[in-house]
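Working notes, beginning with the structure itself.
Quick note on labels: first sequence line is chain A, next is B, and so on, each numbered from 1.
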Amino acid sequence: MRRALLLTSLILLVLCVPPLSANPGGTGDANRDAACGGSCHGDPGLSEPSSAILAFSTDREAAYVGGPISVSVTVTEMELSSRGLVGVFLLSDTHGVADTPQDAGWTILSNGEGGATNYAETHVLDAESGATITWSLLAPSNEGTYDFYTAVHHGGDGSARMKISDANTVTVGPVPENLPQMLPWDAMTSRSLGESSELSMPVVNATAVTLEYRIDDGPIASINATLSNDAWTATLPAALSDISLSYRVIMSNDEFTETTGWIVVSNEIQGYSADIFAVRLQSLALMFGSLALCISIQRRMSRSSKKSLGEPEAALISADQTSMVAPMPAMVPPPAVTPGLAFDDPRRPVGWTDEQWVHYGPDHIKQNYGGGF
Amino acid sequence: MIAAATMHAFSTEMLVGSMTFSVVATILCLGESMFEKLGERAQRGLDHAAYFAAIFSLCCIPVVALTGNAAGDASSSPVLVNKMLLSGLCLGLWIGVVHGRRTWGPEMWSNRKMSLFHTVIVCAGYTTAAMLGSIGSVITRGETVGDLFGIWPHFDNAPAISFGLSMMLALLSLTALLVVIFVQPKGEKVES
């Protein structure tokens, strides 16, 4: 009966384990391929379908080879976890390997969240209004038709959820002659607070380059860039607080005007820095200290345990204390057996050995019986 | 190759599993020494189980610390700094656990003070390991089961101790350990 009760309790405990969510705190912005079926969000055994609606849009109908284009993905109507965290993908394929836009030849200048990755996480307060992520891209160097897929990962109602959109086509056409163009460029997407940033932009076929910037969705300010050493340079003013600053580059000549998408700059707030070697020493100090404390108490308790068993005190003193004892006089040869001290003397105490009786017997008789054998 | 983070998760699971086993067996031993319900044979079995699980945990701790060290850069995160500090404390306490059981022998359960002290160190070592796991959980998952307790520390701030002071602390504690090992009279097995 008891065994059955135990087994039933164990089975109940196993069944009571709640469904677990994958990474409720998110995994951070990064370049990621499409989630495969073995992932927490992709495995039908671990996840549930998402009711999210994915809307794809671009700021222009087509891009030129190497030219700028902005892609926006709006996610709405999704289930939301208590954290309201949503991860949005921009993909060039859905195989699970080499699926990022970079794999298809695109350059990501900005993901709109202060980075240049194809996966970005954002918090959503309300599923109705959802979230919009805007990627600023530079087109591949080959003409053609390119597919974009968008995907969303999120939690909700205790399950991991995922949705992938259908393909959205973007055409990359030939570059018109004399079109101002940005050559391959690593856009600045983060910087320290309080530091101004000098941007060097490799723009060709332009007679004027302007740097426009704004704070959040506020008014747009512009700075004229100057040409020096085949690059256009302009200085972006410093941010004095943790604001959302974005900028874009406007390249123009007599015939054309080209504009990049908005590139969002994140602020690197002065981070924590520790001397790792000092930390290792502190860790060692804690280890040695705690170990010393444990061993010390254990040895002390071991000794007091012996003492409580009735062992003579002197036997517990292991240190050499002979120096504390006064020097003994020269050894005197043991006295010969006193004549008349019989081993079977009735005055001999019970338990005394012959040796004790020979040495201490006379004194014992003298003290207790007044002497005389 | 397997990523350091994967090896860290694997070794952590091994550590926490064996440590939990050791703690449960130790607490049962203490209970048996107080209430004498299971019998001497069961207590001896539990004692051995706790002892060998503790030795296995002890072997796992350096692996966990090394793989964790390779998986993240502690110099830029106060949380990881606290993880390193707690790792040292956990290792020290757990060596103390194994040392105590080895010194006193299985008969220590017949001594009330010794069995209580041993159980306290085991629980302290396990709590430290639980804090380490909790920090790892906060880093990777953003939350920890420890939050259910309300008073569970999050270790968002780390002590800023200079290199010189750290060196002095390490030398002092090493000296204390050497004094204890070589000067203090050795402990002996408890006899029944």
Side-chain angles (χ1 to χ4, degrees), chain A residues 17-18 20-28 40 81-85 121 123 155 268-311 315-320, chain B residues 65 73-78 81 84-93 95-97 99-100 103-104 108 111 113-114 117-118 121 124 138 140-143 158-167 169-181 183-191:
Chain A
V17 174
L20 298 174
S21 44
N23 285 294
T27 52
C40 295
S81 66
S82 57
R83 292 167 182 270
L85 191 65
E121 290 173 349
H123 286 91
E268 293 170 1
I269 297 165
Q270 187 64 34
Y272 175 86
S273 176
D275 180 352
I276 201 68
F277 200 70
V279 174
R280 288 200 176 109
L281 285 172
Q282 291 162 38
S283 179
L284 276 178
L286 274 171
M287 187 183 88
F288 291 147
S290 55
L291 182 57
L293 185 70
C294 286
I295 295 178
S296 173
I297 296 174
Q298 283 159 353
R299 289 188 171 181
R300 184 167 282 273
M301 288 180 90
S302 183
R303 282 168 58 200
S304 57
S305 160
K306 278 273 179 190
K307 195 173 169 182
S308 67
L309 286 173
E311 191 162 324
L316 295 170
I317 303 170
S318 62
D320 183 5
Chain B
D73 177 22
S75 63
S76 58
S77 166
V81 164
M84 284 183 71
L85 297 179
L86 283 173
S87 299
L89 182 63
C90 183
L91 189 57
L93 286 171
I95 295 174
V97 166
H99 174 269
T103 305
W104 288 338
M108 71 171 182
N111 184 308
K113 278 185 186 171
M114 283 181 174
F117 178 71
H118 185 73
I121 306 182
V138 170
T140 56
R141 301 173 59 81
E143 62 183 357
I161 301 177
S162 67
F163 178 80
L165 193 57
S166 304
M167 177 67 88
L169 282 172
L171 287 176
L172 271 176
S173 54
L174 178 63
T175 309
L177 180 62
L178 292 176
V179 165
V180 166
I181 289 175
V183 177
Q184 192 176 10
K186 284 187 166 44
E188 289 176 27
K189 273 195 165 46
V190 179
E191 289 163 11

Q.
Heavy-atom cut-off 4.5 Å, strictly under: side chain, backbone, both or neither for A:Arg300 against chain B?
A. both

Q | Heavy-atom proximity to chain A below 4.5 Å, by part of B:Ile121 | A | side chain

Q: Select one option (side chain, backbone, both, neither) describing which atoms of B:Phe163 are under 4.5 Å from chain A's heavy atoms.
A: both

When rounded to the nearest 0.5 angstrom, what is the spacing between [atom1] in [X] and [atom2] in [Y]?
X	Y	atom1	atom2	result
A:Leu284	B:Leu85	CG	CG	10.5 Å
A:Ile297	B:Met114	CD1	CE	12.5 Å
B:Leu177	A:Cys294	CG	SG	10.5 Å
B:Ile95	A:Phe288	CD1	CZ	8.5 Å

Non-hydrogen atoms of [X] and [Y] that approach each other most closely:
X	Y	answer
A:Ile295	B:Gln184	O-OE1, 4.4 Å
A:Leu291	B:Gly92	CD1-O, 3.7 Å
A:Gln298	B:Phe117	CG-CE2, 3.8 Å
B:Ala170	A:Leu281	CB-O, 3.7 Å
B:Ser173	A:Gly289	CB-N, 3.7 Å

Q) Knowing that exactly one of B:Lys113, B:Met108, B:His118 qualifies, which makes a side chain to side chain contact (heavy atoms under 4.5 Å, CB included) with A:Met301? A) B:Lys113

Q) Among B:Leu178, B:Leu174, B:Leu171, B:Leu86, who wins on heavy-atom pairs under 4.5 Å with chain A? A) B:Leu174

**Q.** Residue among B:Ser166, B:Ser162, B:Ser77, B:Ser87 with most heavy-atom pairs under 4.5 Å to chain A
**A.** B:Ser166

Q: Verify side chain to side chain contact (heavy atoms under 4.5 Å, CB included) between A:Gln282 and B:Met84, making sure each step is shown before the conclusion.
A: CA-CA 9 Å; A:Gln282 291 162 38; B:Met84 284 183 71; over 6 Å; no

